[in-house]
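Below: the structure, in structure tokens.
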2 protein chains.
Amino acid sequence: MARKPRQARSRATVNAIVEAAFIAVARHGPAAATTRQIADIAGIGVGSLYEYFSNKEAIFAAMSERFVSDTVAMLQPRVPELVRKNIRDAVLDMLVLFREFLQENDELYLKCARHAFAMDFEEYLDPVHRLLLDIVTQHMMRHPETARVRNIPAMTYIYINGGIFSVVRHLSEQNPPVTFEELSRGLADMVGHYVDQELLLTQQ
Amino acid sequence: MARKPRQARSRATVNAIVEAAFIAVARHGPAAATTRQIADIAGIGVGSLYEYFSNKEAIFAAMSERFVSDTVAMLQPRVPELVRKNIRDAVLDMLVLFREFLQENDELYLKCARHAFAMDFEEYLDPVHRLLLDIVTQHMMRHPETARVRNIPAMTYIYINGGIFSVVRHLSEQNPPVTFEELSRGLADMVGHYVDQELLLTQQ
DNA sequence: ATGCTTGTTCGGATTCAATTCGGAACTCAC
DNA sequence: GTGAGTTCCGAATTGAATCCGAACAAGCAT
């Protein structure tokens, strides 16, 4: 972002640019989305893009940030409910929520997420990582018996990276080799079985 | 590939182009790697690129294919040895092999794999998927007790997508939140615990 | 209201990379 | 050694990203 928006008008412009970029990328992919398209969709001149973004990559970065913060905002209010459930159901619920989120607005987010990794998306995953760790922590406080589970940071790391990637890839595939139900059940059991086995192995 | 190479000379050119592309991408990333750079590194004229590749994306596609087939070639000879081991050791071995493979040649492959997803890399993963399924099948034949494990296709899908992504991302991070040992142990236990728990749940 | 300053928008001009094209250089079978 | 098929080249074309200076709007003091 080259300049900070002061007036309400310009803040609206910045917003319009990011939203236009989502539409353009969903339509043509990040490589084929041109600055002219983005400007046209946003209803502004090309030059205006550069008032707030130093280049096209900066727009993509803003999209990644927006996507991540929207994801967190979508999940956050469900946290109290999630941490009350058993682990498998909590995971299944999160996956369904995530799928619905991706498919909102005619799959706008999914169509972008498919190419997310072309936009250094991973750089901005940190808030999601923190949220997941927070959920795990709260869950453990409510289910104290799970405190014996080992290697939690690594498992969370694997789960967030691997889980998001698997789901996005799965939803993007024309004919995936497994159904979404099998996939989500697999992810839920992957977590659930791990915890169960850990409890078994560490019992006194 | 716009045209099929007939003479030995041109096959060498195609090869030089793909190798030059790896170097250019490792150096500058896929977006900033120009056709001129690739041509210069390959020691040919820009025009020649288009004799064999219809555009830059086609070169990236060839890189992905090469990377995947090299990965398979690297793993294939170790399969007999891998299927003899217990699951956790087999996974750990594969991860170490994969890491060493990525770090060969001054991390040439890792530096490209980091951006792999900008090049529609996933499209070409199929051979790896087949190899993994093959390893699983062979492993099950040698350890018949594991035949009771359910949902194997989905678990393989998750494991290959999630596992590759987690490892590449981890190796690319400047200061990762977990060590490679924790990560690989996590992945090994994720598989191992899953199998153990399945055996427990399905025993008569 | 009026003039002044600062913030905002615009779109043509510039720059730079991808791709094309027409011909030169090479290879090989005869 | 010839020529038909193949391979290579790099200047010219094309089109997108980015820059820039003029025009326009908002806020503010008088």
Side-chain angles (χ1 to χ4, degrees), chain A residues 1-64 112 115 118-121, chain B residues 1-64 112 115 118-121:
Chain A
M1 182 138 350
R3 190 158 50 81
K4 238 204 310 209
R6 319 250 161 145
Q7 305 179 356
R9 178 167 61 130
S10 65
R11 255 176 279 120
T13 302
V14 170
N15 202 47
I17 292 171
V18 175
E19 269 161 26
F22 270 111
I23 294 169
V25 170
R27 238 177 242 170
H28 310 283
T34 70
T35 51
R36 191 164 300 276
Q37 283 164 12
I38 296 173
D40 285 350
I41 295 171
I44 61 166
V46 247
S48 303
L49 295 176
Y50 293 88
E51 295 294 328
Y52 303 103
F53 299 96
S54 49
N55 53 38
K56 200 162 71 153
E57 278 208 10
I59 300 178
F60 290 165
M63 290 171 65
S64 293
C112 295
H115 310 281
M119 326 182 197
D120 288 325
F121 171 66
Chain B
M1 179 136 354
R3 192 156 49 77
K4 237 201 315 208
R6 319 248 160 146
Q7 303 179 358
R9 176 168 62 130
S10 64
R11 257 174 278 121
T13 301
V14 170
N15 202 46
I17 291 171
V18 175
E19 269 161 24
F22 270 110
I23 294 169
V25 170
R27 238 176 242 169
H28 310 284
T34 70
T35 51
R36 192 165 298 278
Q37 284 165 10
I38 296 174
D40 285 351
I41 295 171
I44 62 168
V46 250
S48 303
L49 294 177
Y50 292 87
E51 297 292 329
Y52 305 103
F53 298 97
S54 49
N55 52 39
K56 201 162 72 153
E57 278 208 12
I59 300 178
F60 290 165
M63 290 170 66
S64 292
C112 295
H115 311 281
M119 326 182 198
D120 288 324
F121 171 66

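Because the structure is predicted, anything quoted here is derived from the model rather than measured. Letters A, B, ... mirror the listed sequences (proteins, then strands); counts begin at 1. Both backbone and side-chain heavy atoms feed into the values below; hydrogens, waters and symmetry mates do not.
Scanning both residues, B:C112 and B:M63, for their nearest heavy atoms gives SG-CE, 4.2 Å. Between B:F121 and B:S64, the closest heavy-atom pair is CA-OG, 3.7 Å.
The nearest whole Å value for the distance from the CG atom in B:D40 to the P atom in C:dA18 is 12 Å. Spacing between atom CZ of A:R11 and atom C1' of C:dT9 amounts to 17 Å, rounded to whole angstrom units. Remark: C1' of C:dC10 and CG of A:L49 are 11 Å apart, rounded to the nearest angstrom. Between the CD atom of B:Q37 and the P atom of C:dT19 there is a distance of 14 Å, rounded to whole Å.
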Give me the distances for all protein-to-nucleotides 16-20 of chain D N/O pairs that come in under 3.5 Å?
| from | atom 1 | to | atom 2 | distance (Å) |
| --- | --- | --- | --- | --- |
| D:dA17 | OP1 | A:K56 | NZ | 2.8 |
| D:dA17 | OP2 | A:T35 | N | 2.8 |
| D:dA17 | OP2 | A:T35 | OG1 | 2.8 |
| D:dT18 | OP2 | A:Y50 | OH | 2.7 |
| D:dT18 | OP2 | A:K56 | N | 3.0 |
| D:dT18 | O5' | A:Y50 | OH | 3.4 |

Give the intermediate values and the outcome of side chain to side chain contact (heavy atoms under 4.5 Å, CB included) for residues A:Q37 and A:T34.
CA-CA 5 Å; A:Q37 283 164 12; A:T34 70; 3.3 Å; yes
Pair A:Y52-A:I59, side chain to side chain contact (heavy atoms under 4.5 Å, CB included): steps then yes or no:
CA-CA 9 Å; A:Y52 303 103; A:I59 300 178; over 6 Å; no
Under the criterion side chain to side chain contact (heavy atoms under 4.5 Å, CB included), I'd like the reasoning laid out for B:R27 against B:I23: C-alpha separation, chi angles, the key distance, then a yes or no.
CA-CA 6 Å; B:R27 238 176 242 169; B:I23 294 169; 3.6 Å; yes
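With axes fitted over five pairs at each extremity, the angle between the ends of the helix from C:dA1-D:dT30 to C:dC30-D:dG1 is 10° (10° resolution).
Of the possible polar contacts, none joining the A:E51 side chain to the A:S48 backbone as a donor-acceptor pair under 3.5 Å is found.
Of the inter-residue distances, the one linking A:F22 atom CZ with A:I17 atom CD1 reads 13.5 Å to the nearest 0.5 angstrom. Note that CZ of B:R36 and CG of B:L49 are 10.0 Å apart. Values are rounded to the nearest 0.5 Å.
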